[in-house]
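Note: hydrogens, waters and symmetry copies are ignored here, and every other heavy atom, side chains too, is used. In this chain, numbering begins with 1 at the start of the sequence shown. Ligands are counted one by one from 1 in listed order, and the atoms in each one are counted from 1 as well.
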Amino acid sequence: AANPEGTGNTGNPERLPLEFLFSPEFTRDPYAEYGRLREKGPVHPIDFPPGVSSFLVIDHEHGRAALSDPRLAKNLRNGPDLFRELAGGNPALAENLLSTDPPDHTRLRRLVSRAFTARRVESLRPRIQEITDRLIDTMAARGRADLLDDFAFPLPITVICELLGVPAGDRDDFRVWSATLVTPSLDEESVKRRDAVNTAIRAYFSGLIAERRAEPRDDMVSALVTASDEDELLSEPELIAMLTLLLIAGHETTVNLIGNGMLALLTHPGQLRLLQEEPELIPGAVEEFLRYDGPVERATLRFATEDLRIAGVRIPEGSMVQVSLGAAGRDPGAFDDPDALDVTRDGGHHLAFGHGVHFCLGAPLARLEARIAFGTLLRRLPDIALDCAPEQLEWRGSASIVRGLQALPVRF
Ligand code: HEM
């Protein structure tokens with residue numbers, strides 16, 4: 001087996017300018033650039049502002065190892081000052097599952113893991129199907145739609161709101177909050193906007209928690225309030241952080257699994273036809289969409305708690321390490337002909353849901369939603385087609401966190 005720490009194969013790391021990773025050309029097609037970088041090695045330093053040492057891992061083997069390496073911590077306390085400042089007072093960044101390490105992480109994850117098992121999630125199937133059908137009913141009569149706004153967004157947000165017990169009527173607010181929080185720009189205006197959103201989120205959830213405390217219901221918010229008040233299993237800031245994370249992670253990602261997956265099909269008509277003829281291929285196709293153009297690209301921040309090496313490249317203590325899940329999905333060392341979309345591929349070992357203790361809690365829910373969404377869309381809108389030239393599509397500029405389109409115009 002390869003030695004992931006091996007010192008002899010550093011390749012020829014290339015310093016990546018941070019601006020480039022946020023540029024429109026890279027956002028549109030990161031995979032071509034990853035292909036070029038791959039020739040030079042699996043790990044590359046990123047040019048962050050002075051004082052921040054940062055590395056990007058782009059291959060499957062070292063990416064997988066890094067995601068489950070206990071020396072790479074999630075807690076921002078281990079990171080550069082810049083990140084500690086970013087986290088200050090931000091319930092989306094601090095004290096949630098994605099910013100804690102064991103044992104805090106273990107305690108927090110245990111509180112919610114039961115609600116997200118494949119079996120529990122399967123019980124939501126009829127309701128997810130009903131929401132899916134209703135959204136398609138509304139679209140079908142019109143003959144055209146923005147598949148993101150009219151379908152891919154409302155489906156997962158409605159499901160996660162119902163699961164948590166958060167009023168779905170407030171979802172327009174959630175959408176604005178979430179879009180603001182997943183845009184990682186550091187200019188003064190963005191920082192101000194993020195602060196305002198954080199204050200709004202804290203106020204919103206504090207209010208909801210007080211309501212459920214006074215009048216508990218049979219929902220996850222009430223269960224977490226009880227766990228906090230009676231069993232002292234989590235603090236109120238941790239409770240707010242948990243709800244914020246579940247709400248955001250519960251929809252920002254699935255929207256783009258549906259959007260990016262549909263775009264892949266609409267631009268590969270042979271694959272679309274195959275799925276229409278053999279709908280039993282849909283579960284495997286969803287895994288292929290996750291590998292081929294998954295919704296989470298580089299949102300895998302970790303911080304080195306000691307000096308270490310990845311593929312021979314020295315990573316000093318305090319460095320930030322990101323694994324590109326998108327690049328790992330296109331690694332020819334892990335997948336044959338990786339740039340081809342093949343819905344019959346056996347590609348379940350992709351890293352699109354992460355790996356290790358932070359493996360996506362919502363994976364069973366995302367898979368179920370996507371299987372129902374693709375199955376129903378292809379059955380009910382058999383002549384669905386892109387309603388613009390592919391070059392006209394615009395990608396959202398927050399590629400480091402979610403990879404997704406601004407809009408996906410379709411006709412049928
Ligand atoms: C964690 C991807 C849907 C909740 C993660 C991670 C990835 C990911 C890559 C790990 C990040 C890391 O290790 O740094 C995705 C994708 C989704 C999706 C691609 C959809 C296609 C969902 C949904 C939920 C969810 C529907 C709903 C609750 C979470 C949570 C974590 C997480 C709570 C943190 C787990 C932990 O740290 O223990 N997700 N996710 N995700 N995801 Fe998802």
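Under a cutoff of 6.0 Å and an axis angle of 45°, R330 and Y34 do not form a cation-pi pair.
Close approach to A352 involves these atoms of ligand 1, each under 4.0 Å from a residue heavy atom: 2 (C), 9 (C), 19 (C). Numbered from 1 in the order shown, with element, the atoms of ligand 1 that lie under 4.0 Å from a heavy atom of L246 read 28 (C), 33 (C). With ligand atoms numbered from 1 in the order given, ligand 1 contributes 33 (C), 36 (C), 37 (O), 38 (O) to contacts under 4.0 Å with heavy atoms of L97. Those atoms of ligand 1 with a heavy atom of L325 less than 4.0 angstrom away are 9 (C). Here is the list of ligand 1 atoms found below 4.0 Å of a heavy atom in P295: 19 (C), 21 (C).
Of the protein's non-hydrogen atoms, F116 CE2, 3.4 Å is the one closest to atom 28 (C) of ligand 1. The nearest heavy-atom contact from the protein to atom 34 (C) of ligand 1 is L98 CG, 3.6 Å. The protein atom (non-hydrogen) at minimum distance from atom 31 (C) of ligand 1 is L361 N, 4.0 Å. In terms of protein heavy atoms, atom 27 (C) of ligand 1 is closest to G250 CA, 3.5 Å. In terms of protein heavy-atom proximity, atom 35 (C) of ligand 1 is closest to R109 NH1, 3.3 Å. Considering only non-hydrogen protein atoms, atom 10 (C) of ligand 1 sits nearest to H358 O, 3.4 Å. Looking only at protein heavy atoms, the nearest one to atom 6 (C) of ligand 1 is F353 O, 3.8 Å.
In this model, no donor atom of one side chain and acceptor atom of the other lie less than 3.5 Å apart for S228 and E236. Residues D339 and Y292 have side chains that never bring a donor and an acceptor to within less than 3.5 angstrom of each other. Using a 3.5 Å distance cut-off with no hydrogens or angles, the side chains of E252 and S178 do pair a donor with an acceptor. Between E297 and S324, the side chains place a donor N or O and an acceptor N or O closer than 3.5 Å (distance only, hydrogens not considered).
One option in T253, L301, L245 has a heavy atom closer to atom 20 (C) of ligand 1 than any other, and that option is T253. Across the listed options G294, C360, P364, C360 owns the non-hydrogen atom lying nearest to atom 39 (N) of ligand 1. Taking only non-hydrogen atoms, the option from L257, I248, L351 nearest to atom 21 (C) of ligand 1 is L257. Taking only non-hydrogen atoms, the option from R298, R403, E369, R302 nearest to atom 13 (O) of ligand 1 is R302.
Distances from ligand 1 to the non-hydrogen atoms of K74 include at least one value under 4.0 Å. Ligand 1 does not have H251 within reach: every non-hydrogen atom of the residue lies 4.0 Å or more from it.
Between D101 and T106 there is no side-chain heavy-atom pair separated by less than 4.5 Å.
Ring centroid separation for the pair F174 and H251 does not come in under the 6.0 Å cut-off. For H350 and H60, the ring centers sit 6.0 Å or farther from each other.
Summarising the local packing, CZ of R127 is surrounded by more than 12 heavy atoms from other residues, nucleotides or ligands at distances under 6.0 Å. No more than 12 heavy atoms of other residues, nucleotides or ligands sit less than 6.0 Å from atom CZ of R273.
Checked against E162 for a side-chain contact (heavy atoms from CB on, under 4.5 Å), the options V166, T158, I160, L164 give a single hit: T158.
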*For H105 and H358, run side-chain contact (heavy atoms from CB on, under 4.5 Å): C-alpha distance rounded to whole Å, both residues' side-chain angles, the deciding distance at 0.1 Å, then the answer.*
CA-CA 9 Å; H105 172 266; H358 295 281; 3.2 Å; yes

*Where do D137 and R134 land on the salt bridge (charged side-chain N to carboxylate O under 4.0 Å, His left out) test, with the steps shown first?*
CA-CA 5 Å; D137 289 342; R134 202 188 31 161; over 6 Å; no

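Contacts between N256 and ligand 1, counted as non-hydrogen atom pairs separated by less than 4.0 Å, are absent for every part of the residue. Under 4.0 Å from ligand 1, heavy atoms of A249 appear from its side chain as well as its backbone. In V357, the part holding a heavy atom less than 4.0 Å from any atom of ligand 1 is the backbone.
Heavy atoms only, all atoms of each residue included: R345 and A340 are closest at NH2-O, 2.9 Å.
The shortest N or O to N or O distance between T300 and ligand 1 is not under 3.5 Å. For ligand 1, none of its N or O atoms has an N or O atom of T254 under 3.5 Å away.
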